[in-house]
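Each chain gets a letter, A, B and so on, in the order its sequence line appears, and its residues count up from 1.
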Amino acid sequence: MLLSVLQTGAVSSASGSAYAEFGNTKVIVSVFGPRESKKAMVYSDVGRLNCNVSYTNFASPTLGQGTDHKEYSSMLHKALEGVIMMETFPKTTVDVFALVLESGGSDLSVLISCASLALADAGIMMYDLITAVSVSCIGKSLMIDPVTEEEGCEDGSFMMTCMPSRYEITQLTITGEWTTPNINEAMQLCLDASSKLGEIMRDCLKQSASASDE
Amino acid sequence: MGIPDAAQDLSTEMEVDAFRRIFPLRFFERHLSESLRPDGRQLGKARDTIVNLGLVSTADGSALAKIGSTTMLAAIRMEVMTPSTDSPDEGCIGCYLVVLFSIPAEAAPVISKRLSDTILSSGMIDLKELCLVSGKAAWMGYLDIYCLDADGALFDAALLAAVAAFSNLQIPIVALNDNGRIVAVTGEKDQDNALITEKEAVNKEKRKLTLKNIPFSLTCILHKNYILADPTTEEESIMDTLVTVVLDSSDQMVSFYKSGGAALAYSSAIKSCVELARKRAKELKQILGEMDID
């Protein structure tokens, strides 16, 4: 899919935000915090992360919402908790709210990349930016960043979230039928794509930082 | 030493930002006495307003309205349903505001309800236009408004987005098929051509709704004897008396809303608010007019 738009600072009332368009998938993520949370009754000397992913009613061309998107909130949480330095904001909570404006395939990977950009824009301390890439396999061929139709007829899906500079993986999700050589190839594809995407995200952050300095 | 004295002493030494956080009311009153607001606006002036139409391709009508930083995205989807027996010739509209992020959750249903009341009572939409087959099928419009950024004056932005979305709305083409059910016609020519001539096409082409009496709103804050138009979140949180006036295109009042608060609205204040709303309605009419909306 073509990355068309990646910008930060879309939501002025949030601590940090990012908007991304990958092909037809349009996602906006806002980050609030670190701030006090009414839900946290217990003292904790590490911070808490709260993620929420929602879809607009017009996100998919078919009427109504898809049913398997409730798990995206917890998957986003798992992808992010490995990379955020929670010790830097004890007793407080960071809230990540993601809204999918239009769903064109590879939604979760776009969400994760956009969320890490928004967290960086908010100044939350992290070990590295994280980028997520997904690959579908149909028969013997592998497709990176599948669109909705390709996802519909895939035999297996592979989504990897990694820290490009540290070459470490925070989350790996594999479903369906895969042969070992395919998995190795998919992993290599994802690592390459991640480092490229990581550079693009860094450029975007540098641009917005220098724009705000002027 | 009482607190007001402390403020006087500290104010000369403190930085502006700190003063704004710790003594917000004094910070604002200092500005108000010069008839200005912290962002440089005059008291009766609203923020820059932008409206964009047709952003969402999967919805039948959509619009994005931005008042200052407050951003609202409205989208309408039309579905066919059977009309109720008391009004077999009318369709209906369902409004739903989704407010995400930083706003207290109680505010959203209030704005939703006020919005749907305003749209229905202004007579902007003639529900009879939504009828397909009398007594059997009519359109139901689902209006969804998403708040992408909340910086005060949510109702104004939501109403503007809703009105713009309705003006952008194109009712899809449908036909009545043999089973007596309404089916969407996608417009593909080859195989369906024959079928279309058999079906009784209910709409010949995508049509737009005629909008009369478009409502325009302005929210103001009353504080002592000042009236501030189009408040930001900071202003709303400090001064709690909000008044919203909704006028239609012929300058008649559609709705007036004052939600309690510390300041009382005397009739002079109400008249000033209506006057400000009238000016704002002219501005908004011009903005919508530039996008070819009647």
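The nearest pair of heavy atoms linking B:Tyr146 to A:Tyr55 is OH-O, 4.3 Å. Taking both residues in full, the closest heavy atoms of B:Asp149 and A:Ala10 are given as OD2-O, 4.0 Å, listed atom of the first, atom of the second, then distance.
Contacts of B:Thr49 classified as side-chain hydrogen bond (donor to acceptor under 3.5 Å, both in side chains), with partners at least two apart in sequence or in another chain: B:Arg280. Residues forming a ring-ring contact (aromatic ring centres under 6.0 Å, His included) with B:Phe27 (at least two apart in sequence, or on another chain): B:His31.
Only the side chain of B:Leu73 comes within less than 4.5 Å of a heavy atom in chain A; its backbone stays farther off.
Remark: B:Met81 CE is packed, more than 12 non-hydrogen atoms of other residues, nucleotides or ligands lying under 6.0 Å away. For CD of B:Gln42, the number of neighbouring non-hydrogen atoms (other residues, nucleotides, ligands) closer than 6.0 Å is 12 at most. The environment of A:Glu87 atom CD is dense: over 12 non-hydrogen atoms of other residues, nucleotides or ligands sit within 6.0 angstrom.
You'll find the side chain of B:Leu148 reaches within 4.5 Å of the side chain of A:Leu101, heavy atoms only.
Remark: the backbone N or O of A:Ser12 is not paired with any side-chain donor or acceptor of B:Asp151 at under 3.5 angstrom.
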